[in-house]
Amino acid sequence: MAVERKSQVNLPKPPAGGWGSVEGIVHIYGESWATPAALETLARLNKPGGSMCTSCAWPKPVNYHPFEFCENGAKAILWDTTSARCTPRFWKSHTVTELRSWSDHQLEKTGRLTAPLRYDREQDRYVEVSWDEAYSAIGQTLHRLPREQVVFYASGHAGLEASYLYALLARVYGNNNLPQSSNMCHETTSVGLKRVIGSPVGTVIWEDLAEADCFFFFGQNPGVNSPRFLHPLKDAKKRGAKVITFNPVREQGLVAFVDPSSVSDMLSGHETQISDQYHQLRAGSDIAALTGLCKAVLEADETQGGTVIDHAFLAEHTHGFEDFFDFLRATSWATICAETGLSEDALRAAAAVYMAAERVIGVYGMGLTQQVHGSTNVGMLVNFLLLRGNIGRPGAGCCPVRGHSNVQGQRTVGIAEKAALVPMDKLRALFDFEPPQKDGMHIVEVGEALLRGEVAATISLGGNLLRAMPDIARLQEVWPQQQLTVTVSTKLNRSHLYPGKASYILPCLSRVEIDEQATGNQTVTIEDSFSMIHPSIGHREPASPQLRSELAIVAGIAKATLDPNPKLCWDDWQADYGQVRDLIAATYPEDFHDFNARIQKPGGFWRVNAARERVWKTPSGKAEFTLPERLNALDFADAPGRYRLITLRSNDQFNTTVYGYSDRFRGIEGTRDVLLMNAADIADAGLRPGQKVSLLGDAADEVERRVDGLELVSFEIPRGTVAGYYPELNPLIPISEHDKLSKTPASKGIAVRLAC
Ligand SMILES: Nc1nc2c(c(=O)[nH]1)N[C@H]1C(S)=C(S)[C@@H](COP(=O)(O)OP(=O)(O)OC[C@H]3O[C@@H](n4cnc5c(=O)[nH]c(N)nc54)[C@H](O)[C@@H]3O)O[C@H]1N2
Ligand SMILES: Nc1nc2c(c(=O)[nH]1)N[C@H]1C(S)=C(S)[C@@H](COP(=O)(O)OP(=O)(O)OC[C@H]3O[C@@H](n4cnc5c(=O)[nH]c(N)nc54)[C@H](O)[C@@H]3O)O[C@H]1N2
Ligand SMILES: [Mo]
C-alpha cells in the first residue's frame with residue numbers, strides 16, 4: 001500500500017520543546033484517533049496512583065510537575081489509547097505477504113490488537129484462535145523442541161512481576177536463552193561499566209542533577225529520547241551549570257529548549273541555550289576525544305603542581321592510572337586531532353570547563369554504546385570522570401540514559417542470558433528445580449544461530465525483533481524456518497509478517513489499562529534509569545475484553561508447557577501480583593526487601609548501588625582505569641569512497657514504532673528515506689542534494705548488503721560521516737559488527753559506500 005508523501009528537507013530547525021512539541025502532540029492526538037479520555041490518562045502519567053509512562057526509562061521525580069510527561073511519552077500513550085482496532089476481521093482483506101509492502105507507520109496505524117491469532121499458512125492470514133487453543137498448541141510444540149534451541153526474548157516493556165515469571169518460565173523449561181532489547185543498546189553499560197566501576201548501571205540519582213555544575217554529553221540525544229531530562233537541564237543552566245556536548249550531529253535538544261510546561265517561556269518564546277560548547281566529532285572518535293580531554297587535564301595538573309587531578313582519590317580508589325598517564329603522554333595532539341576532526345583548542349576549552357567544575361556528570365547513550373569498541377568508550381568516559389573524583393559523590397557521576405521504560409528492571413529480576421548474573425541457588429530453593437547452568441544466547445548469538453538454522457522457536461515478550469536487529473534482510477529469510485514464533489504484542493508490527501511454521505500473536509494489555517485479576521486491579525512495578533522502583537496502576541478500560549496481562553500470558557504459556565510442580569503456583573501468582581513481589585524479594589533481598597511495603601512511598605524506592613558509595617565490586621576492589629588499544633571505536637580503516645554510517649532515531653518514532661514522518665529538529669518532513677551527508681562530501685562524490693542514492697555495506701565479509709532509494713540531504717555533519725534512520729537502514733548492519741565485550745551491535749559505526 002504505497003502512500004504518496006511529499007518530502008521536505010533543510011527546513012528551519014526549531015528549539016526542542018516549545019509550541020512544536022505541543023503541535024506534535026496535537027497532531028498525534030488527531031492521527032492516532034485517541035479518545036478524549038486519553039487526556040485524563042496523560043494527566044495521571046508518572047505520578048503516584050497513576051501509571052508509569054510506557055515510553056522511555058527517564059526517571060520520575062518525587063516533586064512531579066503538573067505535566068509530568070513529554071511529547072514522546074504523550075505520543076506513546078496516545079497511540080496506546082487509540083480507538084483504532086486491528087481485529088480478526090482485518091485479516092479477511094489482507095494477506096501477510098501483502099502487508100510486507102506496508103510501511104511500519106501503516107502497520108502501527110491499524111490499531112490495537114484485540115484477539116489471539118494463529119497464522120494459517122493456506123490462507124496466508126492470521127485467524128482468531130481461543131486463548132486455550134493457543135496456549136495448548138504452544139505448550140505442546142515447546143514440549144517437543146530441543147531446549148537449547150528455544151529463545152525467550154524480552155523488550156523492556158513488561159513490569160518486574162511478569163518479567164520475573166518469564167525468566168522463571170525459561171529456566172524451568174531448561175535454558176538461559178533470555179536475550180533482551182538491551183543486548184542491542186546498553187549491554188555495553190551492563191558489561192563495560194561493570195568492568196570498570198563494578199556497577200552495571202549508572203551512579204547518578206535525581207538529586208545529583210540539581211547539584212551538578214557541569215554535564216558532559218556523549219552520544220545521547222535528550223530532546224528526542226528523554227525529553228523530560230531537559231527540565232532539570234534547564235534548571236541547571238539557570239543556576240550557571242555548563243553543558244558540553246560531543247556528538248557528530250547537531251541535535252536541537254542539546255542546542256536550545258523552550259519549556260512547554262512553563263507558561264511564561266511558552267508565551268515569551270524564551271529559549272534556554274543548552275550546550276555551552278558543541279563539538280561535532282567524527283563518528284566513532286570518542287576514544288580520541290576523551291584522550292584529548294584527559295591529556296589536557298594531566299598537562300594542567302603537571303604545570304599546576306598536582307592540584308588539578310584528585311591524586312588522593314586515585315590512590316585510594318582506583319587502579320591503573322599510572323599506565324593511563326603514560327598512554328596520555330605518549331599520544332600526540334596531532335593524532336588526537338586527526339582522529340576526532342576537532343582542534344586542540346576546542347578540546348582544551350572543553351577540558352577547561354571540566355577542570356573548573358566541582359561536580360561533573362558524564363551522560364551517555366547509543367553514540368558510545370553502539371560501537372565495536374563501545375566498552376572502551378564507556379571505560380574512557382569513566383577514566384575522565386575518575387581523574388577528579390567525579391564518581392561516588394553528590395552532584396557527580398556516570399549517567400547512562402536507558403531505553404525502554406523497564407529495560408533496566410527486567411535485567412534486575414533475572415531476564416539475563418548469563419547464568420552467573422542470577423542467584424540460581426535461590427531459585428533452586430524456592431521452586432525445587434535444577435536451574436540450567438549454561439549461559440544462554442545473547443541477541444547477536446540468536447542472529448548467528450538463526451542463520452545456521454539452529455533456532456527452533458522464538459517467544460517474544462513485546463518488541464519487534466525482526467525489525468530491530470542487525471542484518472534484517474538476511475534474518476527475514478531464515479526466521480520463518482523456525483518451528484514456532486510467538487509474540488506478546490499490543491500492536492501489529494513487521495515481525496508478525498514472517499511467521500514460523502506455527503505462529504501466534506498474543507494480544508496484551510497496555511500498562512495504562514485496568515489489569516483486573518481475582519484479587520482486583522493489579523499494580524505492576526518498573527525500574528527507571530536511576531534504579532528507582534515505581535508502582536504503576538492502569539485506570540483505562542482495556543482496548544478489548546479479550547486482552548490479557550503480560551503476566552497472565554506468561555502464566556498461561558508456563559502452565560501449558562511445564563511439568564506440574566507444586567512450587568509453581570501460576571494461578572495464585574496471576575491472582576495477586578503482590579505474591580510475585582514477595583518472590584522477587586526472596587530472590588533478591590538486598591535490592592527488594594519489604595518490596596510490597598516500600599512501593600507505597602511516593603517517588604518509589606532506590607535500589608542499592610555500591611559504586612555510588614565508592615565500594616567498587618571489581619576484581620581489584622578498585623575503580624579500573626581503561627587503557628585503550630586504539631583511538632577510534634571502529635572496526636575498519638578509512639578508505640577512499642568509504643563512509644562511517646550512524647543510524648538515528650527521529651523525533652517521531654519510538655524504536656521501530658513510527659508515529660509519523662516529521663523530524664522537525666532536523667528539518668526533515670514527509671520522508672524517512674534520507675541520507676544525511678556533508679555538502680563537501682556530496683560535491684566531492686559528484687552528487688547533488690535531492691538525488692536518490694543507494695547505500696552499500698562495506699564490511700570485510702562477502703555478504704551483499706544494500707538499501708536503495710535514499711534522498712541525499714546536505715547536512716551539518718562531519719566529513720566522512722553519514723547518517724540515516726533506524727530501522728530503515730538495518731539491512732546494512734552486519735550481525736558480526738558489535739562491541740567486543742558486550743556484543744552490542746555497532747549501529748553507530750558501520751562502513752558503507754554510495755552507489756547511484
Ligand atoms: N522518542 C523516543 N525516545 C526513545 C527512543 C525512541 O526511539 N524514540 N528509544 C528508547 C531507547 S530503546 C533507547 S536505547 C534510547 C536511545 O537514546 P539515545 O542514546 O539518545 O540514542 P540515539 O538517538 O540512537 O543516538 C544518540 C546520539 O548518538 C549520536 N552519535 C552517533 N554516533 C556517535 C559517535 O560516534 N559519538 C558520539 N559522541 N555520538 C554519536 C547521534 O547523533 C545521536 O544524537 O532512547 C529511548 N527513548
Ligand atoms: N540500526 C539500529 N538498530 C537498533 C537501534 C539503533 O539505534 N540503530 N537501537 C536498538 C535499541 S536501543 C533497541 S532497545 C532495540 C528495540 O527493539 P525492540 O524492543 O524489539 O523494538 P520496539 O520497537 O521497541 O518494539 C515495538 C513493539 O513492541 C510491542 N509493544 C509495545 N508496547 C508493548 C507493551 O506494553 N507490551 C508488549 N508486550 N508489547 C508492547 C508493539 O507490538 C510494538 O510493535 O532496537 C535496536 N536496534
Ligand atoms: Mo534501547
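Both ligands and their constituent atoms are indexed starting at 1 by order of listing.
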Short version for His186: what comes under 4.0 Å of ligand 2, heavy atoms counted, is neither
So for Asn730 against ligand 2, with non-hydrogen atoms under 4.0 Å, the contacting part is side chain
Under 4.0 Å from one or more heavy atoms of Gly462, ligand 2 contributes atoms 37 (C), 38 (N), 39 (N)
Ligand 2 to Ser181, heavy atom cutoff 4.0 Å, flagged ligand atoms 14 (S), 19 (O)
Of Ser182, Ser181, Ser163, the one forming a side-chain hydrogen bond (donor to acceptor under 3.5 Å, both in side chains) with Gln410 is Ser163
Is the closest heavy atom of His404 to ligand 2 under 4.0 Å? yes
Which of Ile514, Val554, Asp515, Val488 passes side chain to side chain contact (heavy atoms under 4.5 Å, CB included) with Ser549? It is Asp515
So for Thr369 against ligand 1, with non-hydrogen atoms under 4.0 Å, the contacting part is neither
One finds that the ligand 1 atoms under 4.0 Å from a non-hydrogen atom of Val249 are 42 (O)
| field | No-hydrogen, no-angle side-chain donor-acceptor test under 3.5 Å, His157 and Asn406 | value | no
A student checking ligand 2 against Gln370 at a 4.0 Å heavy-atom cut-off should list atoms 5 (C), 6 (C), 7 (O), 9 (N), 10 (C), 12 (S)
- Query: Is the NZ or CZ atom of Arg649 positioned over Tyr725's six-membered ring, under 6.0 angstrom from the centre and within 45° of the axis?
  - Reply: no
ask   = Just wondering, do Arg112 and Ser510 contact through their side chains at under 4.5 Å, heavy atoms?
value = yes
Note: ligand 2 atoms sitting under 4.0 Å from heavy atoms of Cys508 are 36 (N), 37 (C), 38 (N)
Here the atoms of ligand 2 under 4.0 Å from any heavy atom belonging to Thr647 are 1 (N), 2 (C), 8 (N)
Ile537 and Gln522 have their tightest heavy-atom pair at CG1-O, 4.0 Å
Of His496, Glu187, Lys491, the residue with the heavy atom nearest atom 42 (O) of ligand 2 is Lys491
* **Side chain Gln371, main chain Asp739, donor-acceptor under 3.5 Å** => no
**Q.** ligand 1 to Ser650 polar contact by distance, N or O atoms, under 3.5 Å
**A.** no
Would you say Arg467 contacts ligand 2, with heavy atoms under 4.0 Å as the rule?
no
* Going by distance only, is there an N or O of Arg282 that falls short of 3.5 Å from an N or O of ligand 1? -> no
Exercise for review: Would you please say whether a donor-acceptor pair under 3.5 Å links the side chains of Thr485 and Thr458?
Suggested key: no
Any heavy atom of Glu550 under 4.0 Å from ligand 2? The part involved is side chain
Among Pro227, Gly219, Ala468, closest by heavy atom to atom 39 (N) of ligand 1 is Gly219
- Message: I'd like to know if the side chain of Ser103 and the backbone of Gln106 have a donor-acceptor N/O pair within less than 3.5 Å.
- Response: yes
- Arg649 near ligand 2 by a heavy-atom separation under 4.0 Å: yes
When you compare ligand 2 with Asp80, is there at least one nitrogen or oxygen pair between them that comes in under 3.5 angstrom?
no
Any heavy atom of Gly403 closer to ligand 2 than 4.0 angstrom? no
Worksheet item: Between Gln653 and ligand 1, is there a nitrogen or oxygen pair with a distance under 3.5 Å?
Response: yes
- Task: Kindly confirm or rule out an N or O of Gly365 lying under 3.5 angstrom from an N or O of ligand 1.
- Result: no
Numbered in order shown, the ligand 2 atoms found under 4.0 Å of a heavy atom of Val488 are 37 (C), 38 (N), 39 (N)
Counting only N and O atoms by type, is there a donor-acceptor contact under 3.5 Å from the side chain of Asn464 to the main-chain atoms of Ser495?
-> yes
With a 4.5 Å heavy-atom cut-off, do Gln220 and Leu254 have their side chains touching? no
Note: ligand 1 atoms sitting under 4.0 Å from heavy atoms of Gly284 are 34 (C), 35 (O)
Any N or O of Asn655 closer than 3.5 Å to N or O of ligand 1: yes
Any nitrogen or oxygen of Gln371, side chain or backbone, less than 3.5 Å from one on ligand 1?
yes
Ligand 2 to Met366, heavy atom cutoff 4.0 Å, flagged ligand atoms 12 (S)
- Looking at ligand 2, does any of its N/O atoms fall within less than 3.5 Å of an N/O of Ser510? no
message = Does either side chain, that of Asn730 or that of Arg467, offer a donor lying less than 3.5 Å from an acceptor on the other one?
response = no
Checking heavy atoms under 4.0 Å, the part of Met184 that sits near ligand 2 is both
Quiz item: Do His404 and Phe654 have their ring centres less than 6.0 Å from each other?
Solution: yes
Exercise for the section: State, without any angle test, whether His496 and Thr487 hold a side-chain donor-acceptor pair at a distance under 3.5 Å. Expected result: yes
So the atoms of ligand 1 within less than 4.0 Å of a heavy atom of Ala283 turn out to be 35 (O)
Note: Asn493, heavy atoms under 4.0 Å from ligand 2, region reported as side chain
* Without swapping roles, check the side chain of Lys748 against the backbone of Met366 for a donor-acceptor pair under 3.5 Å. => no
**Asked** Is the shortest N/O to N/O distance between Cys185 and ligand 1 below 3.5 Å?
**Response** no
Looking only at non-hydrogen atoms, the one of Asn221, Thr245, Asn225 nearest atom 3 (N) of ligand 1 is Asn225
Practice prompt. Consider every N or O of Asn247 and every N or O of ligand 1, then say whether any pair is closer than 3.5 Å.
Written response: yes
Per-atom filter on ligand 2: closer than 4.0 angstrom to a heavy atom of Ile733 are 1 (N)
May I ask you to check whether Pro248 has an N/O atom sitting below 3.5 Å from an N/O atom of ligand 1?
no
The side chain to side chain contact (heavy atoms under 4.5 Å, CB included) partner of Ile287 among Thr376, Leu381, Asn632 is Thr376
Compute the minimum heavy-atom distance from Val401 to ligand 1 and say whether it is under 4.0 Å. no
